[in-house]
Amino acid sequence: MDEHPSPEATTTDSEPSRYRPGNIEPRWQQRWADEGTYEIDNDDPREAGFVLSMYPYPSGPAHIGHVRNYTFGDLLVRYHTMQGKGVLSPIGFDSFGLPAENAAIKSGVHPRPFTEERIAELSSSLRRIGAVYDLRRTIKSHDPAYIRWNQWFFLKFYEAGLAYRSTAIVNWCPGCHTVLANEQVIEGRCERSDDLVERRDMAQWFFKITDYAQELLDNLDDLDWPQRVKLMQRNWIGRSEGAEFGLPIADDTGNARADVDPLPVYTTRPDTSFGMTFAVMSPEHPRVQELTTSEQLEAVAKFQAEVANRSEIDRLSTDGAIDKRGVFTGSSVVNPFTGNTIPLYLADYVLMTYGTGAIMAVPGQDQRDWDFASAYGLDIVRTVQPPDDFDGEAFVGEGPAINSQWLDGLGIDEAKSKAIEWIESEGLGSRKVNFRLRDWLASRQRFWGCPIPIIYCDDCGMRPAPESDLPIVAPDDVEFRPTGESPLRYHEGFLHTTCPGCGGPATRETDTLDTFVDSSWYFLRFADPWNEDEPFDQEAVKKFLPVDQYIGGIEHAILHLMYARFYTMALSDLGYAPNDLREPFKRLFTQGMVRMGGSKMSKSKGNTESPEAWVDAHGADALRLAILQAKPPAEDVDWEDFQLEGCERFLNRVWRLAAADPTLIDGVRDGEPTENDREIGAATHRLIDRIGGEYERWAYNTAVAGFMEFTNTLYKYAQSDDGPHGPTLASAVDTLLQLMAPAVPHITAELWSLRHEGEHIHELLWPEADPEQLTVSSITMVVQLNGKVRDRIEVSPDISDSDAEAAALASARIVSQLDGAKPKKVIVRAPKLVNLVV
RNA sequence: GCCCGGGUGGCGGAAUGGCAGACGCGGCGGAUUCAAAAUCCGCUGUCCGAAAGGACGUGUGGGUUCGACUCCCACCCCGGGCACCA
């Protein structure tokens with residue numbers, strides 16, 4: 001089963017001074033597994049840590065993107081372990097999902113064995129790159145033990161009103177009779193059948209993430225996350241403050257009708273209400289029929305049908321002609337501020353999912369409204385005075401209110417408050433906070449997912465499945481239709497059940513949960529994956545959570561990370577997670593993607609690169625090092641840019657140095673260290689100081705440069721005329737190996753065991769830099785003339801400003817360039833720089 | 001389109017308002033070798049110059065500053081996300 005050579009076969013190497021990763025790596029991987037080096041028990045006495053890389057979708061052998069992700073994670077696990085912590089390092093598999101289902105439809109093979117095979121392949125890849133996990137804790141989201149608690153949480157959310165059923169627009173393929181993922185819609189057509197995709201309203205399950213909008217927003221401030229991710233989440237939540245108020249419907253004479261409810265609109269700019277010259281409803285608005293006049297019925301129906309087939313991205317785009325993107329309803333409403341009658345339109349860019357689904361349009365202060373007004377010949381009234389030099393159209397900047405009666409002259413903020421006070425005092429509406437965030441549509445019309453534990457009874461209606469039924473697992477004896485329809489809908493054994501209320505015949509929900517549900521709490525289960533009585537024990541969660549370092553791709557910046565945060569808050573409120581655990585991930589690192597030829601790698605593009613061939617031929621350590629060296633981890637990288645050969649060459653250099661290759665090190669010196677030896681010693685301590693800092697701030701590429709520079713220094717030292725000082729060289733090399741151990745674990749473990757028999761480098765503590773050794777006696781001070789470097793002077797690090805200035809003015813090169821002139825100004829930044837301005 | 005990033009030698013990158021190009025790749029030269037590979041040593045932004053040295057140079061155009069790859073404004077190009085890929 002295991003193709004790796006046995007340890008006995010490789011320990012006796014006739015040429016111990018050759019670096020042979022093919023022998024070394026499997027042996028150490030076996031040892032870490034056998035000894036459980038990175039297995040952490042819940043009663044581990046060390047300070048607990050939790051380093052987690054986002055669990056992968058198992059797509060087969062690791063691709064280079066996986067390898068990059070898990071290399072970063074592994075480095076941190078090993079680094080923090082060397083700092084004396086008991087670091088929880090689990091792995092799992094996000095094993096439900098569309099690709100396995102698509103493969104099943106194509107091949108007829110059930111997704112379960114297909115997925116299990118992919119998991120085995122990926123697991124093997126991860127082991128072979130030297131990534132270490134506590135494999136006893138492995139979680140697979142399609143595992144019935146996980147499904148059970150996933151469904152149990154769904155029921156708890158349902159009981160608490162956090163899960164509910166409503167309708168939503170989905171992509172419907174009329175040919176396949178199935179719902180399509182956005183990804184399956186190619187230019188408006190089904191990728192399977194090429195039918196024109198319809199957008200259809202269907203019953204769906206939702207999670208009430210909007211209940212947590214404010215906390216999701218507020219907590220961001222205190223998270224140690226990349227600023228850009230926090231910014232994207234803030235914008236996604238999209239909190240806005242404004243007012244919601246009703247526009248009375250006008251009768252034929254232009255007066256407000258008392259017998260019909262006003263049309264509520266939401267605005268963030270109530271201060272501009274005097275400039276409202278028309279109003280717009282979303283084409284899906286429930287009152288469209290009611291508010292369309294008979295003459296306009298046909299045009300409105302036509303428009304609604306057109307919009308129904310447009311994606312939201314299209315609808316929100318400000319590209320293209322606007323004159324075809326709206327239609328007049330024939331009705332009018334009253335602007336309550338001016339008393340004027342204004343026309344009521346429909347427009348595609350107004351969405352039913354935001355605000356009230358209807359807006360007041362103020363072309364003077366909103367460019368899209370301006371464009372619309374221009375296209376349809378509607379009035380434009382400015383209500384904010386633009387500056388004199390303003391030559392644009394709609395003005396969104398700051399300025400005094402104009403054309404606004406009792407608001408005239410006020411600034412935006414003041415005018416807003418006063419307008420809202422008036423709206424409230426007139427009983428038209430009130431101040432309102434709105435969020436762009438929508439509830440989470442969590443049901444999928446698919447087979448390969450976690451079934452939603454709900455039962456429908458003709459008599460009792462919708463009923464939660466009894467807890468004793470859990471887990472409800474998708475059946476194995478199913479037939480996949482080429483159309484992509486979920487087989488659950490036709491599987492009699494799955495579909496038919498008895499009603500938990502009346503005991504009569506009933507049917508099961510055939511929708512499954514979004515795979516983001518699976519990934520919204522797996523990190524909690526890692527703390528206590530063996531628990532059969534509850535999803536996890538609170539004490540176990542308290543020991544390890546929140547995750548100290550979460551690592552994953554930037555593509556998850558919004559959805560997964562938002563859903564996982566919501567789940568943690570909800571579970572905390574429901575009492576299943578500790579009540580003070582509000583945020584799951586204390587620190588987040590989002591790595592860039594690995595691209596091939598400049599574009600995102602994906603199976604559909606066929607441009608994935610398998611790193612296995614490289615590992616086979618040259619070893620995992622060189623690959624890991626190349627990944628670390630290539631780029632800052634946060635940035636995207638092209639596979640073509642990895643410098644695998646250079647890294648392999650470097651590891652060979654380290655090997656020759658540490659294995660004391662006699663062609664490199666021709667004997668060492670004993671006795672007292674010389675000045676030069678002491679400088680090597682100091683450089684060693686500077687390296688400790690440097691690498692620790694670089695690991696902490698994810699500067700792995702410069703850490704690798706540090707290893708290389710230091711190795712170059714030691715090569716010169718080893719080949720110097722008077723030869724290296726034995727103890728100094730030994731200490732320098734040992735330190736280098738320790739610092740490199742988290743990055744390239746196999747070669748460093750092997751070399752360390754060669755140099756220190758019986759010792760395991762990964763069980764050593766991280767070296768500490770001696771502060772005394774970090775002080776320097778002189779530093780290079782730059783002397784500039786008008787900001788251009790003209791000289792460099794060696795000075796004491798604690799030189800005073802005046803001495804620095806004097807030294808600069810005394811420089812021969814400065815004296816000749818100044819040619820007797822006096823500097824007008826002298827900028828001194830002792831001891832680094834003096835700038836003379838003439 | 002909207003939200004978020006990024007643009008530095010032949011290439012990947014370094015430099016968190018203070019020496020632009022660390023380190024690596026590639027290239028060139030030397031040592032070693034019968035020869036080659038491997039290895040070791042050195043040089044390598046562009047232009048002018050024999051050299052010393054000088055000028056130019058971080059996507060484009062402006063600005064702030066004694067000083068800008070770094071901060072601000074506008075634009076161009078590339079990448080991620082946009083709620084059913086994960």
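The listed nucleotides are B:rG12, B:rC82, B:rG80; the one nearest the side chain of A:Q629 is B:rG12. When each of B:rA22, B:rC19, B:rC84 is scored by its nearest atom to the side-chain atoms of A:V782, the top-ranked nucleotide is B:rC19. For A:I558, the side-chain atoms get nearest to B:rG81 when compared with the rest of B:rG81, B:rG24, B:rC85. Relative to the side chain of A:F516, the nucleotides B:rC84, B:rA55, B:rA86 differ in distance, and B:rA86 lies closest.
Between the OH atom of A:Y563 and the C1' atom of B:rC82 there is a distance of 11 Å, rounded to whole Å. Atom P of nucleotide B:rG53 and atom CZ of A:R790 are separated by 12 Å, given to the nearest angstrom. If you measure from atom CD1 of A:I237 to atom P of B:rC82, you get 16 Å, rounded to the nearest angstrom. Rounded to a whole Å, the CD1 atom of A:I313 is 13 Å from the P atom of B:rG80. One atom, OH of A:Y700, and another, P of B:rA14, lie 15 Å apart when rounded to the nearest Å. Between the P atom of B:rC23 and the CG atom of A:L628 lies a distance of 19 Å, rounded to the nearest Å. Taking atom CZ of A:R228 as the reference point, atom P of B:rG81 lies 11 Å away to the nearest angstrom. As rounded to whole Å, 13 Å separates atom P of B:rC84 from atom CZ of A:F207.
Among the heavy atoms of the strands, none lies under 4.0 Å from A:H560. The residue A:V170 sits close to a base: some heavy atom pair falls under 4.0 Å. Contacts of A:P632 with the nucleic acid, taken as non-hydrogen atoms under 4.0 Å apart, involve only primed sugar atoms and P, OP1 or OP2. Residue A:Q445 is in base contact, counting any heavy-atom pair closer than 4.0 Å across all strands shown. Using a 4.0 Å heavy-atom distance criterion, A:K788 is classed as a sugar-phosphate-only contact. Residue contacts shown for A:A630 are limited to sugar-phosphate atoms, with no base heavy atom under 4.0 Å away. At the heavy-atom level, A:V229 lies nowhere under 4.0 Å from the strands shown. Residue A:W440 is classed as having no contact, given no heavy-atom separation below 4.0 Å to the nucleic acid.
Below 30°, between 30° and 60°, or above 60°: for A:Y146 and A:W521 the angle between ring planes is below 30°, a parallel geometry. Aromatic ring orientation, A:H560 versus A:Y522: tilted (interplanar angle from 30° to 60°). Aromatic ring orientation, A:F372 versus A:Y349: perpendicular (interplanar angle above 60°, classes split at 30° and 60°).
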Which parts of nucleotides 62-73 of chain B does protein reach within less than 4.0 Å, heavy atoms only, written one letter per nucleotide 5' to 3' as B for base, S for sugar-phosphate only and - for none?
-> ----B-------
Its contact letters, B for base, S for sugar-phosphate only and - for none at protein heavy atoms under 4.0 Å, make nucleotides 27-46 of chain B read ------------SSSS----
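Between A:E312 and A:R438 a salt bridge is recorded (basic side-chain N to carboxylate O distance below 4.0 Å). Comment: A:E645 does not engage A:R649 in a salt bridge, judged by the lack of any side-chain N to carboxylate O separation of less than 4.0 angstrom. A salt bridge links A:E709 and A:R690; the closest N-O separation between the charged side-chain nitrogens and carboxylate oxygens is under 4.0 Å. A salt bridge links A:R310 to A:D348: one of the charged nitrogens lies within less than 4.0 Å of a carboxylate oxygen. A salt bridge links A:E284 to A:R315: at least one charged side-chain nitrogen sits closer than 4.0 Å to a carboxylate oxygen. Look at A:E648 and A:R653 and you find no salt bridge, because none of the NZ, NE, NH1 or NH2 atoms lies under 4.0 Å from a carboxylate O. The pair A:D439-A:K208 does not count as a salt bridge, with every side-chain nitrogen at least 4.0 angstrom from each carboxylate oxygen.
A sub-4.0 Å separation between OP1 or OP2 of B:rG54 and a side-chain N or O of A:Q817 is present. Contact annotation: A:N701 reaches the phosphate of B:rA14 (side-chain N/O to OP1 or OP2, under 4.0 Å). Here A:R444 reaches the OP1 or OP2 of B:rC84: one of its side-chain N or O atoms lies under 4.0 Å away. Taking side-chain N and O atoms only, A:N182 has no distance below 4.0 Å to OP1 or OP2 of B:rC82. Taking 4.0 angstrom as the limit, A:T702 places none of its side-chain polar atoms (N or O) nearer than this to OP1 or OP2 of B:rA14.
In this entry the base of B:rG5 is anti relative to its sugar, with a glycosidic angle more than 90° from 0.
With both ends at atom P, the span from B:rG24 to B:rC41 equals 11 Å, rounded to whole Å. Spacing between B:rG12 and B:rA22 at atom C1', rounded to whole Å, works out to 13 Å. For the C1' atoms, the distance from B:rC19 to B:rU33 is 42 Å, rounded to whole Å.
The minimum heavy-atom distance linking A:D518 with A:S141 is given by the pair CB-CB, 3.7 Å.
In secondary-structure terms, RNA chain B builds stems of at least 3 consecutive Watson-Crick or G-U pairs, each pair having both distances under 3.5 Å, at B:1-7 with B:76-82, B:10-12 with B:23-25, B:26-31 with B:39-44, B:45-48 with B:53-56, B:59-63 with B:71-75.
Within a 6.0 Å radius of NZ in A:K230, more than 12 heavy atoms belonging to other residues, nucleotides or ligands are found. Other residues, nucleotides and ligands contribute more than 12 heavy atoms inside 6.0 Å of the CG atom of A:N786.
If you take CZ on A:F206 and CG on A:L441, they are separated by 4.0 Å, rounding to the nearest 0.5 Å.
Toward the 5′ end of RNA chain B lies the nearest nucleotide of A:M232, the other residue of the pair A:K832 and A:M232 mapping further downstream.
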